[in-house]
There are 2 protein chains.
Amino acid sequence: MYTLSEENYLKSIYRLSQQPNFKITPTAIAESLKNNPASVVDMIRKLTEKQLIEYDKKKGVKLTPVGLKDAVLIVRRHRLWEVFLLEKLGYHWDEIHDIAEELEHISDATLADRLDKFLGFPEYDPHGDPIPKANGKIPKPYSVTLADLKTGDTCRVAAVKDTSSSFLQYLQKLDIGIGTSIKLLEKISYDNSLVITINGKENTTVSQKFGENILVD
Amino acid sequence: MYTLSEENYLKSIYRLSQQPNFKITPTAIAESLKNNPASVVDMIRKLTEKQLIEYDKKKGVKLTPVGLKDAVLIVRRHRLWEVFLLEKLGYHWDEIHDIAEELEHISDATLADRLDKFLGFPEYDPHGDPIPKANGKIPKPYSVTLADLKTGDTCRVAAVKDTSSSFLQYLQKLDIGIGTSIKLLEKISYDNSLVITINGKENTTVSQKFGENILVD
DNA sequence: ACATAAAATTAGTCTTAACTAATTTTATGT
DNA sequence: ACATAAAATTAGTTAAGACTAATTTTATGT
Ligand SMILES: [Mn+2]
Ligand SMILES: [Mn+2]
Ligand SMILES: [Mn+2]
Ligand SMILES: [Mn+2]
């Protein structure tokens, strides 16, 4: 149906479209795919031809209904495979993204649905991201970050916004995973660093950027 | 490591090398991959450069030790994924080959071994083909075909040589699968057609070609 | 309003892996 | 031994998807 590149572009555009009030420009897509903007302009042309996206110089790139539907299906496959790799094959959560990045492109009409059933219809992937259902419906994503909390609040880690190995390994070192309980003790007003307690243990200080990449419940 | 095409060529050359006394020519590879011989000549050059094969106009194409090792690993991945698709996701044996044809190219250092473990270290794939071990050792493949039997012999279906949908669906219709018991009642001397009893039920006549594609125990 | 910077686009190049058509080499039958 | 057929190879083309470098368009600060 689609080429590997087309699918990666669709997924990247979808991901960017999740940031509210964000204009999806060729440069933004290029950064997200680590591609050259010139290459992106070519692909924008191709996907526009195929009626998967619309490009308005003022409003940026937008997925058409068809493009959106198919982008969501790719995300569905990605996240289902991530669950499989972690739950069934015993990978750690910082190893699964890159492999799922390849597995998501396996095209077979019933594969995703069979995998979904085999895994017990999981609602969230190992990073806490919602797994779109076969009909395209998406469980509510988490939206409050650790950085949004008030001093004294306690929360449960629900998801991570950044799935890079370096971030996930840092979390591992801090003993933070999905479900971990965190209490915000203090916000350093100088640079918005956060002083937190992890699972009731000793205090740690993390950066604002760190806090913005943790979604909580 | 390798491109998709390189891997498909390696695997195809390996498969052809399994036929004893068969000279692996550009034309043979082209047929097996449904490619043009001119394209094959290009790839032979490339794989020779990379020291994965040797090409002697007299002896044809041969895998080098490195090429053989890696071809076997691709076959290993293919057959493990086939087991997964059948056993865990409930596909039928005529649906799995094409999907495994894509899955076999997923490159991750530990994926095959984890999958192997998850599946309980199966020795044979759903078509009865031996699954190479992580160290490259290959369980003994079956070699006697239904057409090799003498009149009156009874056997167990161990593997199929042809994994095309049309052949497998024909088998399905005849109620033949791995493990089915078959008795050879008569060999028609005119065209070597075979009269057989399947699982002790009514008689059926099949062609010589059919018999040559069933490996028995 | 204008200089300058940033972003977008165009033009042209490269690589991979296919193809067709033409040519050369090898095999085969009489 | 030679004609003919088949196989292998070469030469040239194409398409996808990336790139760089040059140019044009748009945004921004003074
Ligand atoms: Mn991908
Ligand atoms: Mn994920
Ligand atoms: Mn393949
Ligand atoms: Mn098989």
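Throughout, protein chains are lettered first and strands after them, A, B, ... in sequence-line order, and every chain is numbered starting at 1.
- Base pairing analysis places C/dA18 opposite D/dT13; the two distances defining the Watson-Crick or G-U wobble pair are each below 3.5 Å.
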Between A/Y14 and A/Y9, does a ring-ring contact (aromatic ring centres under 6.0 Å, His included) hold up when you go through it step by step? CA-CA 8 Å; A/Y14 173 75; A/Y9 273 94; over 10 Å; no
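- Rounded to whole angstrom, the span from the CD atom of B/E49 across to the C1' atom of C/dT16 amounts to 15 Å.
- B/L103 places a side-chain heavy atom less than 4.5 Å from the side chain of A/L103.
- Using a 4.5 Å cut-off on side-chain heavy atoms (C-beta onward), A/Y55 and A/R45 make no contact.
- The aromatic rings of A/H78 and A/H97 are tilted relative to each other, their planes meeting at an angle between 30° and 60°.
- The nearest whole Å value for the distance from the CD atom in A/E7 to the P atom in D/dG17 is 11 Å.
- Within the 4.5 Å cutoff, the side chain of B/D148 has no heavy atoms near those of the B/S143 side chain.
- OP1 or OP2 of C/dC19 sits under 4.0 Å from a side-chain N or O of B/S39.
- Between A/Y2 and the phosphate of D/dG17, there is no side-chain N or O to OP1/OP2 separation shorter than 4.0 Å.
- The side chain of B/R45 contributes an N or O atom lying less than 4.0 Å from OP1 or OP2 of D/dT10.
- Nearest-nucleotide assignment on DNA chain D puts the 5′-proximal partner with A/Y9, out of A/Y9 and A/K58.
- By the 30° and 60° cut-offs, the orientation of the rings of B/F84 relative to A/F84 is tilted.
- For B/L4 and D/dA16, the CG to C1' distance is 14 Å, given to the nearest whole Å.
- Annotation: of the two residues near DNA chain C, B/K23 and B/K46, the 5′-most nearest-nucleotide partner is B/K46.
- When Watson-Crick and G-U wobble pairs are counted only if both distances are under 3.5 Å, C/dT24 pairs with D/dA7.
- In a base pair of the Watson-Crick type (N1 to N3 plus N6-O4 or O6-N4) or a G-U wobble (N1-O2 and O6-N3), with each distance short of 3.5 Å, C/dT30 is matched with D/dA1.
- Regarding contacts with the backbone of C/dA17, every side-chain N or O of B/N35 stays at 4.0 angstrom or more from both OP1 and OP2.
- The distance between atom CD1 of A/I44 and atom C1' of C/dT10, rounded to the nearest whole Å, is 14 Å.
- The distance from atom NZ of B/K59 to atom P of D/dA7 is 22 Å, rounded to the nearest whole Å.
- Each of C/dC19, D/dA16, D/dT10 was ranked by its minimum atom distance to the side chain of B/V41; first place goes to D/dT10.
- Nucleotide D/dA15 holds its P atom 16 Å from the CE atom of A/M43, rounded to whole Å.
- Between B/E6 and A/K57, the residue anchored closer to the 5' end of DNA chain C is A/K57, taking for each the nucleotide with the nearest heavy atom.
- When rounded to the nearest whole Å, the span between CG of B/D42 and C1' of D/dA15 equals 16 Å.
- Across all strands, A/S5 comes closer than 4.0 Å only to sugar-phosphate atoms, never to a base (heavy-atom distances).
- Side-chain atoms of A/A38 lie closest to D/dA21 of the nucleotides C/dA17, D/dA18, D/dA21.
- Protein atom CG of B/N36 is 14 Å distant from nucleotide atom P of C/dA22, rounded to whole Å.
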